[in-house]
2 protein chains.
Amino acid sequence: MTKEIITKEQQKAARYAKAMGHPIRMYVLDLLSKQSCCYSGDLTEDLPIVKSTLSQHLKELKDAGLIQGEIEAPRIKYCLNKKSWKEAQELFRNFLKIDIEEPIQNCLK
Amino acid sequence: MTKEIITKEQQKAARYAKAMGHPIRMYVLDLLSKQSCCYSGDLTEDLPIVKSTLSQHLKELKDAGLIQGEIEAPRIKYCLNKKSWKEAQELFRNFLKIDIEEPIQNCLK
DNA sequence: TACTTTGTTCGCAATTTCACGAACAACGAA
DNA sequence: TTCGTTGTTCGTGAAATTGCGAACAAAGTA
């Protein structure tokens, strides 16, 4: 499948999109894009799923490269994988033709 | 599922992301974002899938609201659904922007 | 009215996703 | 060492996804 008409960029973007393609995972990513880190224990309290299901979703995000976990005492701290996140930003920015108002421009004023 | 901790925006973004979450569909969307329209007959020639499979992927994109088809002679012309595309742009722009801090830090130096 | 072209729908099979509970592993605290 | 907390893994089942070929529908053309 996928000869070579489909570019590497398109494949990577599709991979990221797939990981984002579930409400729970979108919620987690959105949270992490605002909050720098979170703990899955806190997530299970808010979200209407049991911990094993959440664990699977977090694994899905990890496999896609979007987040990473760090052991911290009894818990695990999750945060965005900044490198992959940047790549996803670039891919989607190009794909969606989004012009981002650069904060740099504000500085130049 | 999905009490109300998960916002409408997150659900919509996840829905769009899901539709984008396949190489074939990402290819089609990327093409349409550059080309204004295309015909599925031309797509089957390039892509390594048979027409019935492509039809399903196009249906998936239609169901997500991202594209629309228009009957034109014997063929069907596909193009982006501009309204939904705009919405997706907005959702992903808000969702993906986190690199704001870094340029600011550079400015403050 | 046939015939051709184009794309959808149907039926099928293999695989993946999603969700749950139970069991397990890791590790600090009593 | 034993206990409690935290999160992963396993086993299971239901549903969705992906892909194919065959059959069908629509519509222009001979």
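What's counted below: heavy atoms across the whole structure, side chains too, no hydrogens, waters or symmetry copies. Here is how names work: the chains are called A, B, and so on, in the same order as the sequence lines, proteins then strands, and each is numbered from 1.
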Can you give me the N/O atom pairs linking the protein to nucleotides 20-24 of chain D at distances under 3.5 Å, or say none if there are none?
residue : atom : partner : partner atom : Å
D/dC20  : OP2  : B/Val50 : N            : 3.3
D/dC20  : OP2  : B/Thr53 : OG1          : 3.0
D/dC20  : N4   : B/Gln56 : NE2          : 3.3
D/dG21  : N7   : B/Ser52 : OG           : 3.3
D/dG21  : O6   : B/Ser52 : OG           : 3.2

How many whole angstroms separate atom CG of A/Leu54 from atom P of C/dC18? 13 Å
Interatomic distance, B/Ile71 CD1 vs C/dT8 C1' [rounded to whole Å]: 11 Å
I need the NZ-C1' distance between B/Lys77 and C/dT8, as an integer number of Å. 20 Å
What are the two closest heavy atoms between A/Met26 and B/Ala14, and how far apart are they? CE-N, 3.8 Å
Of residues 34-42 of chain B, the positions that come close to DNA chain C - non-hydrogen atoms, cut-off under 4.0 Å: B/Ser40, B/Gly41
Please find out if less than 6.0 Å separates the ring center of B/Phe92 from that of B/Trp85. no
Cationic N near anionic O, under 4.0 Å, A/Glu72 to A/Arg75: no
What does B/Lys62 touch in the nucleic acid at a heavy-atom separation under 4.0 angstrom: a base, only the sugar-phosphate, or nothing? sugar-phosphate
Tell me: CG of A/Leu58 to C1' of D/dT6, nearest whole Å? 13 Å
For the pair made of CG in A/Leu61 and C1' in C/dC18, what is the distance, rounded to whole Å? 14 Å
Output the distance between atom CD1 (B/Ile24) and atom CG (B/Leu47), rounded to the nearest 0.5 Å. 4.5 Å
Taking atom P of D/dT18 as reference, at what distance in whole Å does atom NE2 of B/His57 sit? 6 Å
Give, for atom CZ of B/Arg25 and atom NZ of B/Lys59, the distance between the pair rounded to the nearest 0.5 Å. 12.0 Å
Contact class for A/Lys18 vs. all strands (heavy atom < 4.0 Å): base, sugar-phosphate, or nothing? sugar-phosphate
Hey, are A/Ser40 and A/Lys51 close enough side-chain-wise for a donor-acceptor pair under 3.5 Å? no
Rounded to whole Å, how long is the line connecting atom NZ of A/Lys59 with atom C1' of C/dC18? 15 Å
Establish, from distance only, whether the side-chain atoms of B/Glu87 and B/Tyr16 form a donor-acceptor pair under 3.5 Å. yes
State whether a side-chain donor-acceptor pair under 3.5 Å links A/Tyr27 with B/Gln11. no
Closest listed nucleotide, where the reference is the side chain of B/His22 and the choices are C/dT6, D/dG7, D/dG19: D/dG19
Could you tell me how far apart A/Ile6 (CD1) and D/dT18 (P) are, to the nearest whole angstrom? 13 Å
Partner set under side-chain hydrogen bond (donor to acceptor under 3.5 Å, both in side chains) for B/Thr44, not counting sequence neighbours: none
Taking the nucleotide of DNA chain D with the closest heavy atom to each, which residue, A/Ser55 or B/Arg25, is nearer the 5' end? A/Ser55
